[in-house]
Number of protein chains: 2
Amino acid sequence: MNRMAAIACHGSGEMGTNDKPHLCPRQSTGAGGFDKIEMDRVADYVSNVGEPATKGRLMDIFTTMQDERGRLSQSEIRIADIVLNDFEFAVNASIIELAGKADVSPPTVTRFCRRLGCESFSDFKVQLARTAYVGMRYLKPEPKSIAPADVAQDIITKAQNALFLLHRGLDVAAIERAANRLAGAEMIYAFGSGGNSSMIATELQNRLFRLGLRITASSDHSMQLMMAAAAKPTDVLIGSSFSGRNAELVRAFTLAREAKIPTIALTQSNSPVAQAAEITLPVDLPEGDNIYRPTSTRIAYLAVVDILASLVAYRIQPQATVTLRRIKQQLVAHRDGDDRQLLGD
Amino acid sequence: MNRMAAIACHGSGEMGTNDKPHLCPRQSTGAGGFDKIEMDRVADYVSNVGEPATKGRLMDIFTTMQDERGRLSQSEIRIADIVLNDFEFAVNASIIELAGKADVSPPTVTRFCRRLGCESFSDFKVQLARTAYVGMRYLKPEPKSIAPADVAQDIITKAQNALFLLHRGLDVAAIERAANRLAGAEMIYAFGSGGNSSMIATELQNRLFRLGLRITASSDHSMQLMMAAAAKPTDVLIGSSFSGRNAELVRAFTLAREAKIPTIALTQSNSPVAQAAEITLPVDLPEGDNIYRPTSTRIAYLAVVDILASLVAYRIQPQATVTLRRIKQQLVAHRDGDDRQLLGD
DNA sequence: GGTTCATGCAAATTATTTTCTTGATACGTT
DNA sequence: AACGTATCAAGAAAATAATTTGCATGAACC
């Protein structure tokens, strides 16, 4: 049997998602005939066994289930609901137990799994278990109790979940473009205001100056405007706004774009800030996470900064990286300081 | 049925880990007879099926496998190695395929699974898949390639993994004590130097001042010493050091302790800083994570701060919390500002 | 030389999938 | 409107495959 994608819901790399329109809700435009075509696809899939399915898989089982819901039959909806509600049961149950609980026959369960894009029932369970670790928790806005262990678990889970969602919604191409811009900039201005975004701006500075880039961070609206006005087209302006509604940042972006200065935004997609910037690195997390736990959102933003900084590093020193790491390792091993400065990372 | 703990590896809540000493390596002191006892335990487990497994399980399958390695037979080690190395294969393979690859018979695989505390082979696979999402990546220090998608995945995975490991090593009792101290402090001094730890100090200030606590953060060694000298026994000193070897911070802690001022350290356990502080909140991540990716470590520290701040919040306003959240929600809904200030969180 | 233990074989059990069939629903035709 | 046809869901039963158990063997270690 072949190896499958890290992100749940497998599929063959060759086929691409287009071959399974009804399985990939974002692309499906209408209901089509299932059975025979389905079988062919399964056959296709099976014949593609050698192919690693590492790429192209964006959906996890849960999302697929929710998105497919409308297209499932009554029995299948019952199965989906049981799985969704009592995930722990589903992951440990046999097909017979699950079928029993859903009041359907085992074959119906098998068909259900297939419809969701899984090869078999056990494949389904694996996908489920895999996503489950992080995928399904955001349903509960509150921790189970305020006992320390529960609070800790709640926070950790939400943070992991934020990362999971970030990854899923990540616009890799945009990040790549942003990294290219940054790597080629003569000077970088990093803007962000308020505890959250200013931390991101600082972090950007922290990460990028170590790569030898010229960068300054500012959380002061007036300074931001002045800097935007003073910047040149060979510079880059990068700004962060969690809400996407930082009017001052929008102004700075607008000003910069009028002067043909590249602008990059870390923010919610379709927000004013996003629209004002040339390149947007979208970070879209469900509201709940934002409101109650600023940290999980912040962690997602930090991860974006990290990705960005790593890509810039690779762009600046494409070959030297491995050597650089060795040097760093030595450096770190012989230092006792608290701040482990990283040269090329 | 009910939902279960985030941390992988199931087990019944009732039993507690003590009933399976050989499955929880930290407690196992020597090799013992396996088979019969094992069977009893499995039986126990099975009879406890209705029980939620929310607590008591600290180990994930991978750690168990690594820790048990010494006590496995030749064939079993072969199986373990295959699983450890080619986890993707293992998670998708049938028992026959796995047995084939390890050159053993299927029954041996079943026995192997049981020894690891799983009920059956498929239970093992579920545990595997479950932990896999986060648990197994730190073996690869480098991303698969420097293609943006791989870099992103690598970073996200490492961040999730850092959170996973943090959670596993978390000293909940210590955090609780720290939260109590902070909640009752007349004044709090938050210390940390270098890009990483100073961010944590700032973050602590950010989170705690909103709860109405008096707090100041400093990254200046001289100031830290002076503040430590000026503090009173009703105050609290909290400091962060990623390496645990920030000598200045050790000095500040020592000074404070001589004056009977409570001290809290966020740092590596058993480090000089940890030893100098009264309460240590240990953050122990494998070296690899620290050296190459500062962010994943930072994210773990941020999570600790988050947990701490939440616990303090609950301590300060035990009943008012729910109401407070409602107010917040209103506030947030009607604000357009970027910095979503949280009152009671 | 006996005990313990790992391990494979084969049988038994169990789980899963396939095939076949039925019944329901929707659609088009007369 | 009534009928026939196509489509599809879904279960029963059969077939297949996977997993586990019981037992026997042989190696290693007292």
Side-chain angles (χ1 to χ4, degrees), chain A residues 1 22 30-43 45-46 68-80 82 89-116 118-128, chain B residues 22 31-40 42-43 45-46 68-80 82 89-128:
Chain A
M1 209 192 250
H22 63 294
F34 282 128
D35 274 349
K36 285 162 206 153
I37 305 163
E38 179 67 83
M39 284 305 139
D40 289 344
R41 277 167 189 154
V42 169
Y45 170 73
V46 171
E68 284 289 296
R69 205 172 190 281
R71 251 158 282 138
L72 299 176
S73 71
Q74 282 313 107
S75 318
E76 285 173 332
I77 287 177
R78 274 210 302 287
I79 301 171
I82 284 171
F89 166 79
V91 114
N92 288 106
S94 75
I95 197 171
I96 295 167
E97 290 169 315
L98 180 55
K101 190 152 180 176
D103 254 319
V104 298
S105 63
T108 303
V109 175
T110 297
R111 287 187 276 255
F112 167 78
C113 299
R114 295 253 227 268
R115 172 155 306 187
L116 258 37
C118 297
E119 207 191 326
S120 66
F121 175 67
S122 63
D123 184 25
F124 172 75
K125 282 217 297 191
V126 166
Q127 305 295 351
L128 208 55
Chain B
H22 64 293
F34 280 128
D35 277 347
K36 286 162 206 153
I37 305 164
E38 179 68 84
M39 284 305 140
D40 289 348
V42 169
Y45 168 74
V46 170
E68 285 288 298
R69 205 172 188 279
R71 253 158 280 140
L72 299 176
S73 72
Q74 281 313 106
S75 318
E76 286 172 332
I77 287 177
R78 273 209 305 286
I79 300 171
I82 284 172
F89 166 79
V91 112
N92 288 103
S94 74
I95 197 171
I96 296 168
E97 289 167 317
L98 180 56
K101 191 154 181 175
D103 254 318
V104 298
S105 63
T108 305
V109 176
T110 296
R111 288 187 275 255
F112 167 79
C113 298
R114 296 255 226 267
R115 172 154 304 185
L116 258 36
C118 296
E119 207 191 326
S120 66
F121 174 69
S122 62
D123 185 24
F124 171 75
K125 282 216 299 189
V126 166
Q127 304 296 349
L128 209 55

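Letters A, B, ... are given to chains in the order of the sequence lines, protein chains preceding strands, and every chain is numbered from 1.
Closest of all the heavy-atom pairs between Pro106(A) and Ala99(A) is N-CB, 3.7 Å. Taking all atoms of both residues into account, the shortest heavy-atom contact from Glu76(B) to Arg115(B) is OE1-NH1, 3.4 Å. Listed here is the closest heavy atom pair of Phe89(B) and Lys101(B): CE2-CD, 3.4 Å.
Going from atom CG of Asp103(A) over to atom CD of Gln74(A) covers 13.0 Å, rounded to the nearest 0.5 Å.
Here dG22(D) is the nucleotide among dT17(C), dG22(D), dT16(C) with the atom lying nearest to any side-chain atom of Arg111(B). Nearest to the side-chain atoms of Thr110(A) among the listed nucleotides dT17(C), dG22(D), dA10(D) stands dT17(C). Considering only the side chain of Pro107(B), dT21(D) comes nearest among dA6(C), dA15(C), dT21(D).
The residue Ser120(B) sits close only to the backbone: its heavy atoms come under 4.0 Å of sugar-phosphate atoms, none of a base. Counting non-hydrogen atoms under 4.0 angstrom, Val109(B) reaches nothing in the nucleic acid.
Between the CD1 atom of Ile95(A) and the C1' atom of dT19(D) there is a distance of 15 Å, rounded to whole Å. If you take CG of Leu98(B) and P of dG8(C), they are 13 Å apart, rounded to a whole angstrom. One can place CZ of Arg114(B) at 16 Å from C1' of dA6(C), the figure rounded to the nearest angstrom. Rounded to whole Å, atom P of dA12(D) lies 11 Å from atom CG of Asp103(A). Between the CD1 atom of Ile96(B) and the P atom of dG8(C) there is a distance of 14 Å, rounded to whole Å. The nearest whole Å value for the distance from the CG atom in Leu72(A) to the C1' atom in dA9(D) is 12 Å. For the pair Glu97(B) CD and dT19(D) C1', the interatomic distance rounds to 13 Å; values are reported in whole Å. Atom CZ of Phe121(B) and atom P of dT20(D) are 8 Å apart (whole Å).
Formation of a donor-acceptor pair under 3.5 Å by the Lys125(A) side chain with backbone atoms of Ile95(A) is not found in this model.
Residue Ser75(A) places at least one side-chain N or O closer than 4.0 Å to OP1 or OP2 of dA10(D). Side-chain nitrogen and oxygen atoms of Arg115(A) include at least one within less than 4.0 Å of the OP1 or OP2 phosphate oxygen of dA9(D). Regarding contacts with the backbone of dG8(C), a side-chain N or O of Thr108(B) is found under 4.0 angstrom from either OP1 or OP2. Phosphate contact (OP1/OP2 of dT7(C), side-chain N/O of Ser73(B), threshold under 4.0 Å): present.
Nearest-nucleotide positions on DNA chain D for Val104(A) and Lys125(B) put Val104(A) closer to the 5' end.
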